[in-house]
Amino acid sequence: MVHQSEIQQALADWFAVNARDLPWRRAQTPYTTYLSEILLQQTRVDQGLPYYERFVRLFPTIQDLAIAPRDEILKAWEGLGYYSRARNLHRAATEIVERFDGRIPDQENDLKSLPGIGDYTASAILSIAYGQPFAVVDGNVIRVLSRLTTFAGDVNTSAARRQLKTLATDLLPDDNPGAHNEALMELGALVCSPRSPSCEICPVSKFCGAYSIGRQEDFPVKTKKRPVPHYDIAVGIITSDDSRILIQKRLDTEMLGGLWEFPGGKREGAESLKETCARELMEELGITVDVGKALTPVKHAYSHFKITLHGFYCTIESGEPESDAGRQLDWVVKENISKYAFPSANRMLFDELGIDSGD
DNA sequence: AAACCGGGGGC
DNA sequence: GCCCCAGGTTT
């Protein structure tokens, strides 16, 4: 890359002054680096921050994470999304204790052998925690480098990702590669933003190809996403004679795996929502119910589809609830429901049900 | 290579 | 509404 050492220096100087005061930078250890990187995958720093504080408080060491019940980790993760990260975090912590004597590995192959650690996270840990020369390529780096070099490839392709990894590696300094990686990401987060970047205060604008032609927002080049489908979901609020509500646990193999929810499912064809509710409760639990009053519908967007969640008060007419797929069931009093980890859409029904959110 | 996997904030 | 975020895993 042209002006390589000048860009390195400008980035380092800028970062020395503008780096945010973040908790995993204050008391940095391999564990805090690992934990923060997992929490921040596809997650903005501002959103991950309270979760990081919670996790270092609940699980100060990798051993604490390894011996914790998984449900406890999922509960602490509740609301952050991409719950496979929490499941993998628990598995990886166990493996780190067993295979690596409780130390976060400092070898690329060892790190990548752990669940939840791919190329980005391995490079981040190796460079930031261990000072090794591995370049990171995250969303920020993609944006900064594609603008600097007017990179024309579609960054959603693996070929383009490889080229950007090479670019990032070329730009990596021998001295303090970890700080350089952090600086590049910090610049992407604070200055080189997706829309309306602050080029007038950017330390590397004079080296930026996109800025020189006034086309900052034309990079990175990426293909448009397909429109996402919408589904109606009907769930039953089933209450026992002693005022306990029936909830079930999602399987690990399902989306939102390991979280608890009100039983129900997706509307099929032209059936009514009440029919959906009755059919799903028969299929999943083997019970016939009387579907009563509806709760206020809740809209929610996932990454690849949208739903409207319809809750119905239901009364069992016949049968005893038994899961069709070995899902765990539980009858819970309202006061205890907040001890279970629920998906956000389910939680949006809590208020109307008189359930305390617990936070 | 492409699909799948959450939730929230900014515009 | 749409886009994007300190990406990884599965198919």
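Letters go in sequence order (proteins before strands), and every chain restarts at 1.
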Original post:
Where each residue is assigned the nucleotide of DNA chain C containing its nearest heavy atom, which of A/E186 and A/K112 is assigned the position nearer the 5′ end?
Top reply: A/E186
Within the structure shown, what part of the strands sits under 4.0 Å from [X] by heavy-atom distance: base, sugar-phosphate, or nothing?
X	answer
A/K222	sugar-phosphate
A/T157	nothing
A/M185	base
A/D46	nothing
A/R143	sugar-phosphate
A/W77	nothing
A/K299	nothing
A/L39	nothing
A/Y302	sugar-phosphate

Within less than 4.0 Å of OP1 or OP2 of [N], is there a side-chain N or O belonging to [X]?
X	N	result
A/H304	B/dC4	no
A/T43	B/dG7	no
A/Q42	C/dC5	no
A/Y51	B/dG7	no
A/S344	B/dG7	yes

Subject >> Nearest-Å distance once atom P is located in both B/dG6 and C/dT10 >> reply: 13 Å
**OP:** Considering only atom P, compute the distance from C/dA6 to B/dC5 and round it to an integer number of Å.
**Re:** 23 Å
Subject >> Working for salt bridge (Lys or Arg N to Asp or Glu O under 4.0 Å), residues A/E95 and A/R99 >> reply: CA-CA 5 Å; A/E95 288 191 33; A/R99 293 169 52 200; 2.6 Å; yes
Original post:
When the ring centroid of A/Y302 is compared with that of A/F305, is the distance short of 6.0 Å?
Top reply: yes
Original post:
For the ring pair A/Y82 and A/W77, is the centre-to-centre distance below 6.0 Å?
Top reply: no
Between [atom2] of [N] and [atom1] of [X], the distance in whole Å:
X	N	atom1	atom2	result
A/N156	B/dA3	CG	C1'	12 Å
A/L35	C/dG7	CG	P	15 Å
A/R91	C/dT9	CZ	P	9 Å
A/L190	C/dC5	CG	P	14 Å
A/E78	B/dG6	CD	P	14 Å
A/R44	C/dC3	CZ	C1'	8 Å
A/R85	C/dC5	CZ	P	14 Å
A/Y83	C/dG8	OH	P	19 Å

Original post:
Out of A/D170, A/D119, A/D138, which one pairs with A/K165 under the salt bridge (charged side-chain N to carboxylate O under 4.0 Å, His left out) rule?
Top reply: A/D119
Subject >> Shared hydrophobic cluster, A/V155 / A/V144 (ILVMFWY, side-chain heavy atoms < 4.5 Å) >> reply: yes
Original post:
Mind checking whether A/F342 and A/F262 have parallel, tilted or perpendicular rings, split at 30° and 60°?
Top reply: tilted
Subject >> Watson-Crick/G-U partner (both atom distances under 3.5 Å) of B/dG6 >> reply: none
Subject >> Greater than 12 external heavy atoms within 6.0 Å of A/R25's CZ >> reply: yes
Original post:
Do A/Y82 and B/dG6 have a side chain to base donor-acceptor pair shorter than 3.5 Å?
Top reply: yes
Original post:
DNA chain B: A/A301 or A/A159, which has the more 5' nearest nucleotide?
Top reply: A/A159
